[in-house]
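Below you'll find the structure, written out as structure tokens, and then a few comments.
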Amino acid sequence: MSEIDVVLPDGSARTLPEGSTALDLAAQIGKRLAKDALCADVNGDLLDLNVALPPGALVSIVTPASARGREVLRHSTAHVLAQAVTRLWPGAHFAIGPSIENGFYYDFALPDDGRFSDDDLERLEAEMRVIVNEDQPFDRSEHTIEEGLELFRDQPFKVEIINAVALGASEEDLTEVASPSVVSAYANSARFVDLCRGPHVPSTARLGHFKLMRVAGAYWRGDEKNQQLQRVYGTAWESAAALDAHLLQLVEAEKRDHRRLAVDLDLLSFPHELGGGLAVWHPKGGIVRKQMEDYSRERHLHGGYQFVVTPHLANERLFETSGHLGFYRDGMYPPMELDNGTYYMKPMNCPMHCLIYKSRPRSYRELPLRLFELGTVYRYERAGTLHGLMRIRGFTQDDSHIYCTADQLQDEIASLLEFVMSVLRAFGFSDFTANLSTKNPAKYVGGHEIWEQSTEALRLALERFGLSYEVKKGDAAFYGPKIDIDVRDAIGRTWQLSTIQCDFNSPERFELEYVGADNQRHRPIMLHRALFGSIERFFGVVLEHYAGNLPTWLCAEQVRVLGVRDDHDAYATAVAASLAAHDVRVSTDVATEPLGSRIRKAKLEKIPYILVVGDDDVAKTTIGVNARGSNDPERGVRLDAFTTRLTLEIADHGSPEDH
RNA sequence: GCCUGGGUAGCUCAGUCGGUAGAGCAACGCAUUCGUAAUGCGUAGGUCAAGGGUUCGAAUCCCUUCCCAGGCUCCA
């Protein structure tokens with residue numbers, strides 16, 4: 001019998017009998033690897049373990065505790081879910097079931113327009129465990145288009161996918177089948193076959209560390225005009241420990257949910273009486289927000305911006321001119337009909353800023369003209385999309401509109417990028433990435449040249465700044481290309497905060513002009529930009545980033561002074577007064593309750609510094625300093641030394657945890 | 001807007017078969033005077049989201065609306 005050589009990832013070669021599979025290779029390398037192996041990377045393609053290796057192939061064995069291994073586990077678990085559904089709901093149609101971050105989902109159409117309820121998850125999970133225990137193989141087979149259509153004749157979604165791929169109509173469906181001409185299928189048993197490109201684990205027995213999480217509705221092919229399918233989400237891992245760790249992480253993430261923290265820390269609330277998506281800010285939230293706004297104003301003041309103020313509503317003529325009524329009427333609060341016309345709440349500040357620009361003739365000497373406003377806008381977001389502060393119906397943008405010439409664009413954007421990141425860094429973010437959204441050929445206004453020129457200006461500014469970015473083709477708004485800036489937070493989630501958008505539409509619609517050095521009239525380019533995006537959303541992101549342990553400068557209460565006994569209260573009050581004289585936000589909690597109880601209360605409020613003063617301190621003018629995040633208090637600290645340290649920390653935007 | 005699940009005291013939740021409202025924490029009062037995450041006792045607190053229906057009787061069953069959660073879609 002002839003032999004073949006294959007190459008391992010470390011560059012070493014292995015010799016195997018011709019016809020050997022990836023599993024044979026794994027077995028030759030080691031018993032343990034053969035036991036762990038899920039599938040194999042052969043010359044860059046992920047394949048099942050039982051395929052014969054071609055001579056000279058570069059092979060790596062994929063094991064469960066790897067990104068690709070988990071992906072295969074999750075996808076295979078999705079097949080098990082589909083089989084469980086077809087067992088419990090005979091006649092169910094199944095659509096697609098990919099692996100996703102941390103797990104998988106699968107979409108179904110149940111017989112008689114049936115719906116899953118939460119109780120069904122338990123039944124499904126039990127059935128899935130039965131399938132896992134049955135140790136069913138994943139048997140791959142390949143078919144012609146005609147055979148595939150016959151094989152899945154009872155599964156309309158599969159038929160649609162096969163046809164779409166055969167016609168070359170859908171690239172994304174290629175993930176479901178082998179190639180445009182070969183239909184691949186995986187059979188777990190005579191009764192369950194699913195269309196799939198693969199690869200899969202060798203047997204269902206290799207699965208088991210999964211949990212079904214929730215049911216949801218999801219539109220076929222993600223289009224709300226299509227049938228809504230029943231989706232089941234699950235999470236799946238390589239081990240019980242990994243699954244438990246994930247579930248624990250979900251619990252931890254819940255603890256830093258801004259909606260939870262907003263209640264616990266008494267920052268703000270969403271009273272039912274107000275209606276959905278509208279918040280009231282309580283005193284403590286009000287202080288934090290004021291700190292954010294003050295900082296923003298301060299930076300803009302020194303950043304060459306001019307402050308403007310505009311009203312919350314306007315006559316409909318304004319929004320006809322701006323085009324908002326034409327394009328976004330559904331997203332606006334409905335009209336107020338009055339004797340002298342029809343009024344709308346403003347969904348954006350830009351039309352108002354254009355009116356300010358237009359209030360008198362402009363010279364090229366004034367450009368770039370940067371108008372800034374903390375402008376509150378109202379958008380009637382669809383009920384199902386609301387999400388705490390992150391998606392809200394009334395919110396305040398740190399909004400600016402910059403009017404400039406095409407020549408000024410690149411410099412303006414480069415300096416804007418610097419400004420944006422400098423401001424975001426002041427709030428503790430340091431990991432940024434950008435997205436550059438380019439023209440959607442199906443939906444845009446403006447000439448080819450201006451799109452090219454400004455997209456290039458955005459791109460060059462990004463490169464000049466050295467910010468890593470991805471190009472999102474066709475993602476631009478109809479009126480111009482844009483840069484969005486994502487930040488990564490303390491637990492690795494990314495949030496889109498800042499946006500810099502070119503607008504070729506508004507200057508046209510408002511007929512904005514400036515007189516150039518050539519004494520001719522020219523049309524300026526307009527930039528929309530927001531750094532926080534919305535103050536509400538930014539507040540939510542910051543709160544979650546710090547899990548409520550805000551840096552000292554942002555905290556509503558920075559210090560609380562506790563006397564050990566009530567005869568220390570006078571000294572505690574004096575300490576507080578001394579700190580307050582340095583603009584520290586400080587309170588005292590008089591000794592009617594035991595010290596331990598008052599300390600606990602202050603810790604739950606996440607106050608950066610709890611100062612405890614007793615006999616020693618009264619005698620020596622010292623304090624006991626209990627810093628947030630630390631379990632051993634410092635005794636006998638001189639008050640003036642602490643005051644210096646604290647005021648420095650506040651000025652530096654630091655936290656007690658930094659020391 | 002669509003799918004699923006919810007809404008009981010400020011918060012977290014219990015409330016069985018339809019029989020008329022409960023706990024812990026928080027609040028308030030009194031006592032306690034205490035050196036680093038819960039002192040004790042007591043008091044008060046509810047149109048059970050709102051409205052309608054079924055019933056002798058509804059937190060509980062039905063309908064409508066509002067609000068919330070997780071998804072889908074959307075996000076100028």
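Just so it is clear: chains get the letters A, B, ... in the order the sequence lines come, proteins before strands, and each one is counted from 1.
- In this structure, H387(A) reaches the sugar-phosphate backbone alone: every heavy-atom distance under 4.0 Å involves primed, P, OP1 or OP2 atoms, never a base.
- A cation-pi arrangement is absent between K358(A) and F510(A) under the rule of less than 6.0 angstrom and at most 45 degrees off the ring axis.
- Under the side chain to side chain contact (heavy atoms under 4.5 Å, CB included) criterion, V637(A) pairs with I623(A), V625(A), E634(A), F642(A), sequence neighbours left out.
- Rounded to the nearest Å, the gap between the C1' atom of rC61(B) and that of rA26(B) is 35 Å.
- Sequence neighbours left out, the pairs with a member in residues 493-508 of chain A that pass salt bridge (Lys or Arg N to Asp or Glu O under 4.0 Å) are D489(A)-R493(A), R493(A)-E544(A), E508(A)-R523(A).
- rG22(B) and rU60(B) have their C1' atoms separated by 15 Å, given to the nearest Å.
- Ranked by how close their nearest RNA chain B nucleotide is to the 5' end, V263(A) and Q501(A) are led by V263(A).
- Near RNA chain B, meaning a heavy atom under 4.0 Å away, the residues from residues 614-627 of chain A are G614(A), D615(A), D616(A), D617(A), G624(A), N626(A).
- Residue-to-nucleotide proximity on RNA chain B shows that, of D118(A) and V564(A), the 5′-proximal contact is made by D118(A).
- Scanning for salt bridge (Lys or Arg N to Asp or Glu O under 4.0 Å) contacts around D107(A) gives R231(A), with sequence neighbours left out.
- To the nearest whole angstrom, the two P atoms, one in rU4(B) and one in rG46(B), are 36 Å apart.
- Every pair passing salt bridge (Lys or Arg N to Asp or Glu O under 4.0 Å) that includes a residue from residues 268-287 of chain A is listed here, sequence neighbours excluded: K284(A)-E605(A).
- Among the heavy atoms of the strands lying under 4.0 Å from Y328(A) is at least one base atom, whether or not backbone atoms are also near.
- In this structure, the side chain to side chain contact (heavy atoms under 4.5 Å, CB included) partners of A572(A), at least two apart in sequence or on a different chain, are V561(A), T588(A), V613(A).
- As rounded to the nearest Å, rC56(B) and rG1(B) have C1' atoms that lie 43 Å from one another.
- Between K482(A) and D484(A), at least one side-chain N (NZ, or NE/NH1/NH2) sits under 4.0 Å from a carboxylate O, which counts as a salt bridge.
- Contact annotation for Y233(A): backbone-only contact, meaning every heavy-atom pair under 4.0 Å involves sugar-phosphate atoms and none involves a base.
- If you check residues 587-600 of chain A against RNA chain B, the residues with a heavy atom closer than 4.0 Å are A591(A), T592(A), E593(A), P594(A), L595(A), G596(A), S597(A), I599(A), R600(A), listed by number.
- Contact annotation for R382(A): base contact, defined as any heavy-atom pair under 4.0 Å involving a base atom.
- Counting non-hydrogen atoms under 4.0 angstrom, Y105(A) reaches nothing in the nucleic acid.
- Using a 4.0 Å heavy-atom cutoff across all strands shown, F116(A) reaches sugar-phosphate atoms only and no base atom.
- The separation of rA50(B) from rA21(B), taken at their P atoms, amounts to 16 Å, rounded to a whole angstrom.
- Here, rC13(B) and rG6(B) have their C1' atoms 14 Å apart, quoted to the whole Å.
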Please convert RNA chain B into dot-bracket. A pair counts if it is Watson-Crick or G-U wobble with both distances under 3.5 Å; crossing pairs go in [ ] and bases paired with another strand get |. (((((((..((((.....[..)))).(((((.......))))).....(((((..]....))))))))))))....

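- Applying the salt bridge (Lys or Arg N to Asp or Glu O under 4.0 Å) test to every pair with at least one member in residues 93-105 of chain A, sequence neighbours left out, gives no pairs at all.
- As judged by a 4.0 angstrom heavy-atom cut-off over every strand, T385(A) is placed among the base-contacting residues.
- Between R260(A) and D264(A), at least one side-chain N (NZ, or NE/NH1/NH2) sits under 4.0 Å from a carboxylate O, which counts as a salt bridge.
- H272(A) comes within 4.0 angstrom of sugar-phosphate atoms only, judged by non-hydrogen atoms across all strands, and of no base.
- With F157(A) as the partner, the ring pair (Phe, Tyr, Trp, His ring centres under 6.0 Å) test is satisfied by one option alone out of Y106(A), W220(A), F94(A): W220(A).
- Within the 4.0 angstrom heavy-atom criterion, no nucleotide atom of any strand lies near G636(A).
- As judged by a 4.0 angstrom heavy-atom cut-off over every strand, G114(A) is placed among residues making no nucleic acid contact.
- When RNA chain B is scanned in the 5' to 3' direction for atoms under 4.0 Å from non-hydrogen atoms of chain A, the outermost contacting nucleotides are rG1(B) to rA76(B).
- The same atom, P, is picked in rC63(B) and in rU73(B); the two are 29 Å apart, to the nearest Å.
- Side chain of T552(A) to main chain of E649(A): no donor-acceptor pair is present (N/O by atom type, distance under 3.5 Å, no hydrogens or angles).
- Side-chain atoms of R529(A) do not come within 3.5 Å of backbone N or O of V420(A) as any donor-acceptor pair.
- Residue G323(A) is classed as having no contact, given no heavy-atom separation below 4.0 Å to the nucleic acid.
- Residue contacts for L604(A): at a heavy-atom cut-off of 4.0 Å it reaches a base atom on one of the strands shown.
- Among the heavy atoms of the strands lying under 4.0 Å from R260(A) are primed sugar atoms or P, OP1, OP2 only; no base atom is included.
- Between rC68(B) and rU8(B), the distance separating the two P atoms is 14 Å to the nearest Å.
- Among the protein residues, G276(A) comes within range of the sugar-phosphate backbone only, with heavy atoms under 4.0 Å from sugar or phosphate atoms but none that close to a base.
- By the salt bridge (Lys or Arg N to Asp or Glu O under 4.0 Å) test, R638(A) is found to be paired with D640(A), residues two or more places apart in sequence or in another chain being considered.
- Screening Y479(A), W451(A), F478(A) against F504(A) for a ring pair (Phe, Tyr, Trp, His ring centres under 6.0 Å) leaves a single residue, W451(A).
- In summary, E125(A) and K211(A) do not engage in a salt bridge, as defined by a charged side-chain N under 4.0 Å from a carboxylate O.
- Residues passing the ring pair (Phe, Tyr, Trp, His ring centres under 6.0 Å) test with F532(A), sequence neighbours excluded: F427(A), F538(A).
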